[in-house]
Amino acid sequence: MKVLQTQRVPFGSRLNIVLRAKKMQKKDLAKMVGVSDSNVSKYLYEKTYPSLPALVQIAKTLNVSTDYLLGITSGKIEESVPKEQNDEEI
């Protein structure tokens, strides 16, 4: 079985790519996610990584998947993140 190898793009670089594509500043992301500006800077420079709840909120806010941000998928920025289903629909 042949395994495809993808080039690893670090979390901070991917986050920066998405922020630029969305023309969003780190302070805007911080406010929308509920973290400090300095935390977003630390994410961008990979001094620390967001908690799981913060990561999910970042992905939702930027309309990308957590897999993309984490480097699990190497595709382009996704057009949308699947909407959560209402409990009534389940």
Side-chain angles (χ1 to χ4, degrees):
M1 178 156 99
K2 188 175 182 178
V3 177
L4 295 175
Q5 293 183 346
T6 58
Q7 185 178 9
R8 169 95 165 86
V9 178
F11 175 82
S13 296
R14 286 182 182 246
L15 181 57
N16 193 32
I17 289 166
V18 178
L19 285 175
R20 287 181 183 205
K22 303 282 184 178
K23 297 180 181 174
M24 185 182 291
Q25 295 182 355
K26 64 183 179 182
K27 67 178 181 178
D28 300 324
L29 178 63
K31 185 175 182 180
M32 295 171 86
V33 173
V35 298
S36 68
D37 294 5
S38 65
N39 275 353
V40 174
S41 290
K42 290 176 186 176
Y43 304 157
L44 290 168
Y45 292 103
E46 296 186 15
K47 300 294 181 188
T48 190
Y49 295 93
S51 65
L52 184 55
L55 175 64
V56 170
Q57 192 59 44
I58 290 168
K60 285 182 178 181
T61 299
L62 297 175
N63 207 24
V64 296
S65 71
T66 54
D67 284 355
Y68 174 79
L69 289 174
L70 294 172
I72 295 169
T73 59
S74 60
K76 293 180 181 179
I77 299 171
E78 295 182 12
E79 291 298 318
S80 64
V81 174
K83 302 271 185 206
E84 292 182 21
Q85 294 180 351
N86 290 334
D87 291 337
E88 296 171 4
E89 295 177 2
I90 296 176

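Here the structure is a predicted model, which is why all the values come from computation and not from measurement.
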ask   = Distance from Tyr45 atom OH to Asn16 atom CG, nearest 0.5 Å?
value = 8.0 Å
message = Any heavy-atom pair between the side chains of Val18 and Ile58 that's under 4.5 Å?
response = no
task = Any chance you could measure Tyr43, atom OH, to Leu69, atom CG, to the nearest 0.5 Å?
result = 12.0 Å
query = Where do Val40 and Val33 land on the side chain to side chain contact (heavy atoms under 4.5 Å, CB included) test, with the steps shown first?
reply = CA-CA 10 Å; Val40 174; Val33 173; over 6 Å; no
query = Quick one: side chain to side chain contact (heavy atoms under 4.5 Å, CB included) partners of Met24, sequence neighbours excluded?
reply = Leu19, Lys22, Asp28, Leu29, Met32, Leu62
remark   = Applying side chain to side chain contact (heavy atoms under 4.5 Å, CB included) to Lys42 and not counting sequence neighbours gives Asn39, Lys47, Thr48
query = Do Pro50 and Val35 touch side chain to side chain, with heavy atoms closer than 4.5 Å?
reply = no
ask   = When rounded to the nearest 0.5 angstrom, what is the spacing between CG in Leu15 and OH in Tyr49?
value = 11.5 Å
For the student: nearest non-hydrogen atoms of Thr66 and Ala59, plus distance = CG2-CB, 3.7 Å
message = To the nearest 0.5 Å, what is the distance between NZ on Lys26 and OG on Ser36?
response = 10.0 Å
remark   = Taking every heavy atom of Glu46 against every heavy atom of Gly12, the minimum-distance pair comes out as OE2-N, 2.8 Å
